[in-house]
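Per chain, numbering begins at 1; letters A, B, ... match sequence-line order.
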Protein chains: 2
Amino acid sequence: MAVLRRTLVRSAPITGRKGSASMALPASTKPLRADAERTVRTILEAAERVLAANPAATMEQIAEAAGVARTTVHRRFASREALITALAAWATQRFHDAVEAARPDTAPPAVALHQVTANVLRVKIGWGFAMGALPTDAPEVARVHADVLAQCERLFARARDAGLLPADADLDWARRVYYALIHEAAAQSPDTDAAMDALASRVVDTLLHGVGKPATP
Amino acid sequence: MAVLRRTLVRSAPITGRKGSASMALPASTKPLRADAERTVRTILEAAERVLAANPAATMEQIAEAAGVARTTVHRRFASREALITALAAWATQRFHDAVEAARPDTAPPAVALHQVTANVLRVKIGWGFAMGALPTDAPEVARVHADVLAQCERLFARARDAGLLPADADLDWARRVYYALIHEAAAQSPDTDAAMDALASRVVDTLLHGVGKPATP
DNA sequence: ATGACTTGCGACATTGATGTTGCAAGTATC
DNA sequence: GATACTTGCAACATCAATGTCGCAAGTCAT
């Protein structure tokens with residue numbers, strides 16, 4: 001009962017109770033038909049929207065927002081939990097891509113910092129619920145988060161070595177402040193790319209220099 | 001189990017039940033017996049603990065954590081929603097007191113900033129759920145939050161005028177960063193008073209100067 | 001065009017949480 | 001010590017959400 005089912009997306013009609021376990025994104029089973037795949041995405045997008053507004057939303061509300069029947073949601077996702085898990089997996093993939101795209105391990109720290117910020121911000125605005133407050137015990141999701149965490153730590157270490165941070169900086173605190181700032185900034189939901197970049201700049205600037213008056217003796 | 005079920009945002013709050021409007025606050029009715037008052041506090045504290053760990057916890061879990069029968073919880077709080085509301089009201093009071101105690105309107109900005117931070121941190125650690133992620137439509141709660149917000153804005157304005165912040169600082173952004181930092185810091189849960197003050201110092205320092213290397217050419 | 005797949009709809013079973021009530025036994029308060 | 005309150009227990013009643021199933025009608029792929 002408490003066992004979270006690994007069944008994320010049903011690729012075939014459900015037969016038994018706990019039988020059909022099809023893996024997450026790289027669906028190892030059968031490719032869905034075009035229309036079915038579209039439905040899955042529609043449902044995921046609706047779920048993000050609805051759950052962001054109300055984390056306790058029912059399957060029916062999600063179905064309604066997606067413009068499908070409730071039974072269809074259950075046909076595609078074995079359970080409510082499976083839907084949430086799939087949602088997390090989906091968003092996590094985007095998250096990972098966003099970080100990767102910034103080449104945080106090779107680009108100059110200052111550049112990477114800005115780029116990562118902007119990219120992650122973009123994802124977080126569209127998939128805030130899926131990324132945020134959900135206890136991801138999921139197998140694949142946790143791995144990606146750990147991976148991103150490691151990349152983040154490496155980036156901060158490089159930033160320190162490059163002189164952006166003091167030599168004795170508490171990198172863990174720095175990282176957490178960074179996360180918090182991104183989280184806060186994501187609430188702004190800028191509409192244009194320019195606003196996006198401006199926001200990212202503001203996050204990085206605040207991270208490095210705070211909001212106080214620079215000391216000018 | 002689904003970890004994210006019913007928050008208080010039930011989208012369909014309308015049950016056939018007639019409005020059994022028994023107010024949550026100990027205000028207008030009779031003073032409870034010493035007995036009962038203690039149970040109320042015990043339940044509130046248990047609720048905070050349990051709900052912080054799992055926002056979708058059931059009344060039964062809360063009752064169990066409080067060491068009372070489930071029916072007793074229902075006797076003291078008309079409904080789940082009433083319990084949450086009472087919890088929010090209780091925590092909000094603490095919050096308000098914490099801010100007031102720092103005399104943010106009269107103490108020197110730098111002092112007030114540190115004091116407010118430390119005080120609020122203390123409350124937020126013990127009553128994190130009640131203060132945090134809950135859409136308090138409650139009448140009294142919203143008022144207090146608005147009040148604190150105003151105090152915070154005044155404090156930041158004074159800080160700017162005192163030269164702590166640049167003259168053209170975006171006070172709204174500053175305040176939001178401040179909130180975010182406090183929220184993040186509260187996750188640390190320091191045990192001693194010394195750690196408490198150290199954490200507050202760190203928050204204020206980070207707020208003003210960030211985590212970057214100070215420019216010293 | 002044919003066959004396989006997908007969806008909406010209606011109906012059903014199940015479960016878990018909520019909220020009530022009555023009563024006996026225990027406690028505070030005067 | 002009498003009275004009024006409070007609690008635990010056990011038994012209800014209710015209800016909303018989940019999850020299943022079969023079938024008819026529609027859609028996709030080849």
*Asks:* Which one, C:dT27, C:dG8, C:dT7, comes nearest to the side chain of B:R33?
*Replies:*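 Closest nucleotide among those given: C:dT27.
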
*Asks:* Do the side chains of B:R122 and B:W127 get nearer than 4.5 Å, heavy atoms only?
*Replies:*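 No, side chains not in contact.
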
*Asks:* Return the value, rounded to whole Å, for the distance between atom CG of A:N54 and atom P of D:dA17.
*Replies:*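 Atom-to-atom, A:N54 to D:dA17, this comes out as 11 Å.
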
*Asks:* Measure from CG on A:L32 to C1' on C:dC5 and round the result to the nearest Å.
*Replies:*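 Roughly 11 Å, once rounded to whole Å.
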
*Asks:* Output the rounded distance in Å from CG (B:L51) to P (C:dA17).
*Replies:*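 Between P of C:dA17 and CG of B:L51: 14 Å.
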
*Asks:* May I ask you to say whether A:D35 pairs ionically with A:R38, meaning some side-chain N is under 4.0 Å from a carboxylate O?
*Replies:*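 Judged by the 4.0 Å cut-off on N to carboxylate O distance, A:D35 and A:R38 do not form a salt bridge.
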
*Asks:* Closest nucleotide of DNA chain C for A:E37 versus for B:R75: which of these residues is on the 5' side?
*Replies:*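 First, find each residue's nearest nucleotide; the 5'-ward one identifies A:E37.
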
*Asks:* Let's see if you can work this out: which of D:dA29, C:dG8, D:dA17 has an atom nearest to the side-chain heavy atoms of A:A34?
*Replies:*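 Taking heavy atoms from C-beta onward, the closest nucleotide is D:dA29.
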
*Asks:* Identify which nucleotide among C:dG8, C:dA11, C:dT6 has an atom closest to any side-chain atom of A:A36, counting heavy atoms from C-beta outward.
*Replies:*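 Of the options given, the side chain of A:A36 lies nearest C:dT6.
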
*Asks:* Look at the side-chain N and O atoms of A:T72 and state whether any lies under 4.0 Å from the OP1 or OP2 oxygen of C:dG8.
*Replies:*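 Answer yes for this pair, as a side-chain N or O of A:T72 is under 4.0 Å from OP1 or OP2.
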
*Asks:* Over how many whole Å does the gap from B:R80 atom CZ to C:dA17 atom C1' extend?
*Replies:*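 So the two atoms are 9 Å apart, to the nearest Å.
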
*Asks:* Find the distance B:D35:CG to C:dG26:C1' and express it as a whole number of Å.
*Replies:*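 Going from CG in B:D35 over to C1' in C:dG26 covers 9 Å.
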
*Asks:* Nearest whole angstrom, please: distance from the C1' of C:dA17 to the CD1 of B:I62.
*Replies:*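 Taking CD1 of B:I62 and C1' of C:dA17, I get 12 Å after rounding.
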
*Asks:* Without hydrogens or angle criteria, can the side chains of B:Q188 and B:R202 be said to hold a donor-acceptor pair below 3.5 Å?
*Replies:*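 Judged by distance alone, the side chains do not pair up.
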
*Asks:* Please report the distance, rounded to the nearest Å, between CZ in B:R76 and C1' in C:dT20.
*Replies:*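 Result: 15 Å.
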
*Asks:* Starting at atom CZ of B:F77, determine the distance to atom C1' of C:dT18, rounded to an integer number of angstrom.
*Replies:*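 It is 16 Å, rounded to the nearest whole Å.
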
*Asks:* Taking all non-hydrogen atoms of both residues, which atom of B:V50 and which atom of B:A65 are closest, and how far apart?
*Replies:*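 Closest heavy-atom pair between B:V50 and B:A65: CG2-CB, 3.3 Å.
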
*Asks:* Minimum heavy-atom separation for B:A118 and B:M196, please, with both atom names.
*Replies:*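 Scanning both residues, the minimum pair turns out to be O-CE, 3.7 Å.
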
*Asks:* By the 4.0 Å heavy-atom rule, please label A:T71 as base, sugar-phosphate, or nothing.
*Replies:*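 It contacts base atoms.
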
*Asks:* Please name the pair of heavy atoms, one in A:A107 and one in A:R158, separated by the smallest distance, quoted to 0.1 Å.
*Replies:*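 Shortest heavy-atom separation between A:A107 and A:R158 comes out as O-NH2, 2.5 Å.
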
*Asks:* Name the closest nucleotide to the A:R70 side chain, picking from C:dA11, D:dT6, C:dT7.
*Replies:*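 So the side chain of A:R70 is nearest to C:dA11.
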
*Asks:* To the nearest 10 degrees, how far apart in direction are the end axes of the helix from C:dA1-D:dT30 to C:dC30-D:dG1, each fit to five base pairs?
*Replies:*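 Comparing the first five pairs with the last five, the axes sit 50° apart.
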
*Asks:* Mapping B:R38 and B:H74 onto DNA chain C by nearest heavy atom, which one lands closer to the 5' end?
*Replies:*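 Here B:H74 is the residue nearer the 5' end.
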
*Asks:* Where is the tightest heavy-atom contact between A:A112 and A:R103, given as atom of each residue plus distance?
*Replies:*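 Looking at all heavy atoms of both residues, the shortest contact is CB-O, 4.4 Å.
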
